[in-house]
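Worksheet: the structure to be examined is printed underneath.
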Amino acid sequence: MSEIVTRFAPSPTGFLHIGGARTALFNWLYARHHGGCFRLRIEDTDRVRSTDAAKQAILEGLVWLGLNWDDDPVYQSQRSERHTEAAQRLLSEGRAYQCYCTPEELAEMRAQAKTAGRSARYDGRWRDRDSSDAPAGAKPTIRFKAPKGGETVVDDKVQGLVRIANSELDDMVLLRADGTPTYTIAVVVDDHDMGVTQVIRGDDHLVNAARQQQLFHALGWPAPSYAHIPLIHGSDGAKLSKRHGALGVEAYREAGILPAALRNYLLRLGWSHGDDEIISTEQAISWFDLDSVGRGAARFDREKLLSLNGHYMRESDPGFLADMVMDRLEKSQGTLGSIARDRVRRAIPGLIARSKDISELADKSAFYVAERPLVPDGKAARLLDDSGRKLVTLLAVYLDKLDDWQPAALENAVRTFAEREEMKLGAVAQPLRAALTGSTASPGIFEVLAVLGRDESLARMGDVKI
RNA sequence: GUCCCCAUCGUCUAGAGGCCUAGGACUCCACUCUUUCAAGGUGGCAACACGGGUUCAAAUCCCGUUGGGGACACCA
């Protein structure tokens, strides 16, 4: 059996969005599963819309997601000679022809077809017309002489047998009037030259597959196998696009989503393996196949992504998470001193289960490194009324005598204090929490005390003294 | 409009004729744990779009309807 080759072929006109990321993931998984090759092709032939920034964002997005490609990326714009050559060959073999229609003429043709209730397509008026009829000085486009009768069948690995009447497929332009090749011929030539055996891409290309198969046939090359995966929809059920709520993967990265979580989420969006939800990359590689790809479009659900992310965070190394949190904290509040860094490091394990992404983790860490005196939020301020402050002050005096500032000893001391005051632990813990964290929700209060350390804890308690 | 694709809880999905009184996950709700908030544990609400067939038997097969999506460029 020859080697499996897949490819991901984004056009660099925007960032790598969630749909593209999933397409890349499926291609990558398929190639890895079969021990084949996953290649990258940048379809940058649209010079006006393609940007270097977008290209960069796509490559970085793939790297961040851990989808490493094989060989060097192919840049479509650098291969136009090959594309033109193929089109010229079709022309010389009589499988393509020159068309002198003006854009206005074509627009009118489409309008008429539409009102007549037909598919808007080129009617082939120059197909058999002699070039000597050409208007003087006009430059022709080169069009493919598509088969007229019968149908083209795409044996799609996801959608099944898709039959399209050839009358629905018009003679597409291969070379523009200025001589540059179009996407249609470029993809076919590139897929062939790159040795692509399995194309996996969005559903929106399904009809293109029929056209491309015709071109492969005309060129005398074997066509790759196709698999068209359903698109990802936004929460409103419409195709996700840049102007429609689609975010680039870097947005998820910035929000503090872990690559493993995004991979797992994207994998389950449209593909399944029984009831499995948490799927490691190793399992994904060994289980992935095209048979289990669903055929209906899926809606993007942020809640589920977040829940998965929470799971992966709990499985992550706390030190690794701490580094990411510190980067964020330093970005928002400047360089952290060694005491602050040490506090964050010790605080992270107790914060992980309380956060669903890294930015939330950073937010929840902030009180540990905040400058005194803390500004309590509304609920915390209410806990720190006169009696609350008095209580905290009394407790501070009591804790000041403690030698061992470890969680167990602190708990013991605070419980004893509460008993002596004939109060429930919670009644003591809440005002203390308010004084220590400025909030009513935090990790266990004894842990907070311990991480903050004796001096800082006592100082924060002193700050609320009447 | 024409062509193509799709259709199970709100969402992602399991289900390839009897195992389905339809399973799992997210969300939501309750309980539990508990110093708060989470996480964890337990339980609950919640779906086969509709109409015809085929069959002893249909969520599963066929046809139609409806609904949704996509494609219809000298863009990719």
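Per chain, numbering begins at 1; letters A, B, ... match sequence-line order.
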Distance-only side-chain donor-acceptor flag, A:Q214 / A:T152, under 3.5 Å: yes

If you check the A:A441 side chain, which of B:C74, B:A76, B:U36 turns out closest? B:U36

Is A:E303 touching bases, backbone alone, or none of the nucleic acid, heavy atoms closer than 4.0 Å? sugar-phosphate

A:K304 has its side chain closest, among B:A76, B:C12, B:C74, to B:C12

Base, sugar-phosphate, or nothing for A:N208, non-hydrogen atoms under 4.0 angstrom? base

Using a heavy-atom cut-off of under 4.0 Å over every strand shown, decide if A:P443 touches base, sugar-phosphate, or nothing. base

Can you check the A:H273 NE2 to B:C12 P distance for me, whole Å? 21 Å

Could you check whether A:E411 gets within reach of a base, just the sugar-phosphate, or nothing at all, counting any heavy atom under 4.0 Å? nothing

Distance between the C1' atoms of B:U2 and B:U60, in whole angstroms? 32 Å

Heavy-atom nearest nucleotide on RNA chain B for A:V173 versus A:E447: which residue maps closer to 5'? A:E447

Rounding to an integer number of Å, can you tell me how far A:D155 CG sits from B:C5 P? 13 Å

May I ask you to verify if any side-chain N or O of A:R314 is less than 4.0 angstrom from the OP1 or OP2 atom of B:G40? yes

Among B:C12, B:A76, B:C74, which nucleotide has an atom closest to any side-chain atom of A:R49? B:A76

With a cut-off of less than 4.0 Å, is there a side-chain N or O of A:R268 near OP1 or OP2 of B:A25? no

Mark yes when over 12 heavy atoms from residues, nucleotides or ligands other than A:R302 sit less than 6.0 Å from its CZ; otherwise mark no. no

For A:T13 and B:A76, is the shortest distance between a side-chain N/O and OP1 or OP2 below 4.0 Å? no

Whole-Å distance, A:L169 CG to B:A73 P, equals 12 Å

Examine B:C74: is either OP1 or OP2 under 4.0 Å from a nitrogen or oxygen in the side chain of A:R143? Give yes or no. yes

5'-most by nearest nucleotide on RNA chain B - A:Q430 or A:C101: A:Q430

So what does A:F446 hit on the nucleic acid, given a heavy-atom distance under 4.0 Å: a base, only sugar-phosphate, or nothing? base

NA contact type, A:R295, heavy-atom cut-off 4.0 Å: base, sugar-phosphate, or nothing? sugar-phosphate

In whole angstrom, what separates A:E105's CD from B:C74's C1'? 13 Å

Figure out the NE2/C1' separation between A:H228 and B:A71, and round it to whole Å. 11 Å

Quick one: pull up CZ in A:R79 and OG1 in A:T84 and give me the separation to the nearest 0.5 Å. 11.0 Å

Would you classify A:T184 as touching base, sugar-phosphate or nothing, given that sugar-phosphate means primed atoms plus P, OP1 and OP2, and contacts are heavy atoms under 4.0 Å? nothing

Base, sugar-phosphate, or nothing: which does A:G444 touch, judged by heavy atoms less than 4.0 Å apart? base

Kindly point out which of B:A14, B:U11, B:C74 is positioned nearest to the side chain of A:D275? B:A14

Kindly say whether, by distance alone, the side chain of A:R433 makes a donor-acceptor pair under 3.5 Å with the base of B:U35? yes

Without decimals, in angstroms, what is the distance between A:E108 CD and B:A73 C1'? 17 Å

Can you pull out the residues from residues 346-357 of chain A that lie within a 4.0 Å heavy-atom distance of RNA chain B? A:A353, A:R354, A:K356

Among the candidates B:U35, B:U36, B:G69, find the nucleotide nearest to the side-chain atoms of A:H233. B:G69

Using a distance-only criterion (donor-acceptor N/O pair, under 3.5 Å, no hydrogens), is the base of B:G70 paired with the side chain of A:D203? no

Counting side-chain heavy atoms from CB outward, which of B:C26, B:C74, B:G40 is closest to A:T141? B:C74

Categorize A:L269 for me: base, sugar-phosphate, or nothing, with a 4.0 angstrom heavy-atom threshold over every strand shown. sugar-phosphate

Would you mind reading off the distance between A:M109 atom CE and B:G1 atom P, rounded to a whole angstrom? 23 Å

Between B:A76, B:G69, B:C12, which nucleotide has the shortest distance from any of its atoms to the side chain of A:A298? B:C12

Between B:G1 (P) and A:E168 (CD): distance, integer Å: 15 Å

State, yes or no, whether a side-chain contact exists between A:W271 and A:I279 at a heavy-atom distance under 4.5 Å. yes

Taking only the side-chain heavy atoms of A:Q159 (C-beta and beyond), determine which of B:C12, B:C74, B:C5 contains the nearest atom. B:C5

Under 4.0 angstrom, heavy atoms only, what part of the nucleic acid is A:T440 near: base, sugar-phosphate, or nothing? base

Would you give the length of the straight line joining atom OH of A:Y368 to atom CG of A:L329, rounded to the nearest 0.5 angstrom? 13.0 Å

Would you indicate which nucleotide in B:C74, B:A14, B:G70 comes nearest to any side-chain atom of A:L231? B:G70

Pairwise side-chain contact, A:Y252 with A:N309, heavy-atom cut-off 4.5 Å (strictly under): no

Students often get this wrong, so: under 4.0 angstrom with heavy atoms, is A:G202 touching a base, only sugar-phosphate, or nothing? nothing

To the nearest 0.5 Å, tell me how far A:L174 CG sits from A:I142 CD1. 8.0 Å

